[in-house]
Amino acid sequence: MSNITITQTGANKTFGGWTKMFSHPSAICGGEMNFSVFLPPQAESGDVPVLYWLSGLTCNHENFITKSGAQQYASEHGIMLVAPDTSPRGAGVKGEDDTYDLGTGAGFYINATEKKWATNYRMEDYIMQELPEIIRASFPVMEEQESVFGHSMGGHGALTLALKYPGRYRSVSAFSPICAPSRCPWGEKVFLEYLGDDKGKWKLHDANELIKSTTLEIPVLIDQGGDDPFLEKELNYELFLKTCTDNNQTLTARLQTGYDHSYYFIATFMADHIRHHAKALQV
């Protein structure tokens, strides 16, 4: 049971429920952290399942909750949405605000092991331990009824955390995930900084590598925009599909012609993803 006090920083009535924003002190990240939630109307009369959203590079806890249109579908299915921030803020690590793809806004949902970053950049423990404890203690949620999805860096996070913690989630999905971060410029940059030059450590946070030794036994859905500017250089979508095929990983993967990497793409297919999770969460 969490004894952390959360502070509400915003609230808006939404599709019969409430979109709310909170801040709280984080023992794991060593500073103030923020998250957003959508509480569906069903939460007023009973416990509801939880669907965690992990956002992409440069995003914070607000992007998804304000741009995706997910509340309408979560309200229909009676699912609580939780959208954490993508990194600590103002940790005081030298260089954390120098570029968009390292440090602030670029936590990558891993625990940094390099001394410079290791005290604050512990997003894996935050997502898997501290935040769920807060959610369970503060909101009417069902025990062991959790799923996860995300976009880009957050799609990487959703896939890798589902793989690394079997049994934790009922389903997983991703929009344009960074499928093989140890083999793309975004991932190579942050892994070198956060984890050091031992590439064996990198593979522990790479869905394309993890799928070679374990498979997901939960429903998996991936949507990838066909006109995504990062498709070839950063995302390794085709490589991941081949690796899944080679290792008998079952999934639904859809290349969506004409769509890019933006929240316009995400909003277009959000209803499908909420339905995907609702079926697994049995609501």
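Computed from a prediction, not measured in an experiment: that's the story for all the values here.
- In terms of modelled atom types and a separation under 3.5 Å, the side chain of Arg183 and the main chain of Asn236 share no donor-acceptor contact.
- Arg122 places a side-chain N or O within 3.5 Å of a backbone atom of Ile28 that can act as its donor or acceptor partner.
- Side-chain contact check for Asn34 versus Asn60: every heavy-atom pair is 4.5 Å or farther apart.
- Side-chain N or O atoms of Asn120 include one that pairs as donor or acceptor with a backbone N or O of Cys29 at under 3.5 Å.
- Across all their heavy atoms, Ser36 and His61 have their closest contact at OG-O, 2.8 Å.
- Using a 4.5 Å heavy-atom threshold, the side chains of Thr214 and Pro166 count as separate.
- Counting non-hydrogen atoms of other residues, nucleotides and ligands closer than 6.0 Å to CD of Glu32 gives a total above 12.
- Side-chain contact between Cys59 and Phe64 is absent, with no heavy atoms from C-beta onward closer than 4.5 Å.
- Within 6.0 Å of atom NZ in Lys116, more than 12 heavy atoms from other residues, nucleotides or ligands are found, so the atom counts as buried in its surroundings.
- In the displayed structure, Lys94 atom NZ is contacted under 6.0 Å by at most 12 heavy atoms of other residues, nucleotides or ligands.
- Side chain of Lys199 to main chain of Ser182: no donor-acceptor pair is present (N/O by atom type, distance under 3.5 Å, no hydrogens or angles).
- With a 4.5 Å cut-off on side-chain heavy atoms, Val37 and Trp18 do not count as touching.
- The neighbour count for Asp246 CG, taken as heavy atoms of other residues, nucleotides or ligands under 6.0 Å away, is above 12.
- Put simply, the side chain of Glu114 never gets that close to the backbone of Glu193: no donor and acceptor are under 3.5 Å apart.
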Apply side-chain contact (heavy atoms from CB on, under 4.5 Å) to Tyr73 and Asp272, showing your working.
CA-CA 9 Å; Tyr73 312 111; Asp272 290 351; over 6 Å; no
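- Formation of a donor-acceptor pair under 3.5 Å by the Asp198 side chain with backbone atoms of Gly200 is found in this model.
- In this model, a donor atom of one side chain and an acceptor atom of the other lie less than 3.5 Å apart for Asp101 and Thr99.
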Can you check side-chain contact (heavy atoms from CB on, under 4.5 Å) on Ser176 and His151, steps first, answer last?
CA-CA 6 Å; Ser176 306; His151 169 232; 4.3 Å; yes
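- Among all heavy-atom pairs drawn from Trp186 and Tyr100, the shortest one is NE1-OH, 2.9 Å.
- Closest non-hydrogen pair, Pro84 versus Tyr126, comes out as CB-CE2, 4.1 Å.
- For the atom pair Phe38 CZ and Ser68 OG, the distance stands at 10.5 Å (nearest 0.5 Å).
- Closest heavy-atom contact between Thr86 and Met123: C-CE, 3.9 Å.
- In the displayed structure, Lys189 atom NZ is contacted under 6.0 Å by more than 12 heavy atoms of other residues, nucleotides or ligands.
- Counting non-hydrogen atoms of neighbouring residues, nucleotides and ligands closer than 6.0 angstrom, the CD atom of Glu217 reaches no more than 12 such neighbours.
- Closest non-hydrogen pair, Ile211 versus Cys244, comes out as CG1-SG, 4.3 Å.
- By the 4.5 Å heavy-atom criterion applied to side chains, Thr250 and Val220 are not counted as neighbours.
- Applying the 6.0 Å contact sphere to CD of Gln8 captures more than 12 heavy atoms from other residues, nucleotides or ligands.
- Between atom CG of residue Asp98 and atom OG1 of residue Thr104 there is a gap of 9.5 Å, rounded to the nearest 0.5 Å.
- Interatomic distance, Gln42 CD to Glu76 CD, rounded to the nearest 0.5 Å: 10.0 Å.
- When atom types are taken as modelled, the side chain of Thr268 and the backbone of Tyr264 share a donor-acceptor pair closer than 3.5 angstrom.
- Annotation: side chain of Phe139 is not in contact with side chain of Val50 (no heavy-atom distance under 4.5 Å).
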Kindly determine whether Phe269 and Tyr259 satisfy ring-ring contact (aromatic ring centres under 6.0 Å, His included), including the steps that lead there.
CA-CA 11 Å; Phe269 299 101; Tyr259 288 91; 5.0 Å; yes
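- Hydrophobic clustering keeps Val82 apart from Phe15 (ILVMFWY residues linked when any side-chain heavy atoms are closer than 4.5 Å, directly or through intermediates).
- In this structure, Arg168 and Pro132 have side chains that are in contact, with non-hydrogen atoms separated by less than 4.5 Å.
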Given Ile178 and Leu235, is the side-chain contact (heavy atoms from CB on, under 4.5 Å) satisfied, shown in steps?
CA-CA 4 Å; Ile178 302 173; Leu235 303 180; 3.9 Å; yes
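- Note on Tyr165 and Tyr109: same hydrophobic cluster, where clusters join Ile, Leu, Val, Met, Phe, Trp and Tyr whose side-chain heavy atoms are under 4.5 Å apart, directly or indirectly.
- A salt bridge links Glu146 and Arg136; the closest N-O separation between the charged side-chain nitrogens and carboxylate oxygens is under 4.0 Å.
- Using modelled atom types, one finds a donor on one side chain and an acceptor on the other under 3.5 Å when comparing Ser152 with His261.
- In the model, Ser26 has a side-chain atom that pairs as donor or acceptor with a side-chain atom of Glu130 under 3.5 Å.
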Test Ile274 against Leu51 for side-chain contact (heavy atoms from CB on, under 4.5 Å), laying out the working first.
CA-CA 9 Å; Ile274 298 293; Leu51 178 54; 3.7 Å; yes
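- Rounded to the nearest 0.5 angstrom, Leu251 CG and Leu159 CG are separated by 9.0 Å.
- Remark: Lys13 NZ to Leu39 CG distance equals 10.5 Å, nearest 0.5 Å.
- Counting all heavy atoms, side chain and backbone alike, His24 lies closest to Thr5 at CB-O, 3.8 Å.
- When ring centroids are compared, Tyr194 and Phe108 stay outside the 6.0 Å threshold.
- Side chains of His273 and Ser173: a donor-acceptor N/O pair is present below 3.5 angstrom, by distance only.
- Considering only heavy atoms from C-beta on, Tyr52 comes within 4.5 Å of Leu131 through its side chain.
- For the residue pair Asn12 and Thr19, no side-chain donor N or O sits within less than 3.5 Å of a side-chain acceptor on the partner.
- Side-chain atoms of Ser171 never come within 3.5 Å of backbone atoms of Ala280 as a donor-acceptor pair (strictly under, hydrogens ignored).
- Under the 4.5 Å side-chain heavy-atom criterion for Ile, Leu, Val, Met, Phe, Trp and Tyr, Leu221 and Leu231 are members of distinct hydrophobic clusters.
- Listed for the Asp206 side chain is a donor-acceptor partner under 3.5 Å among the backbone atoms of Glu209.
- Between Phe175 and Phe149, the ring planes are tilted. Angles from 30° to 60° get that label.
- The distance from atom CZ of Phe240 to atom OG1 of Thr245, rounded to the nearest 0.5 Å, is 10.0 Å.
- Between Tyr263 and Trp53, the angle of the ring planes lies from 30° to 60°, which puts this pair in the tilted group.
- Side-chain contact, His205 with Thr160: no donor N or O sits under 3.5 Å from an acceptor N or O.
- Of the possible donor and acceptor atoms, one in the side chain of Asn111 sits under 3.5 Å from a partner among the backbone N and O of Asp125.
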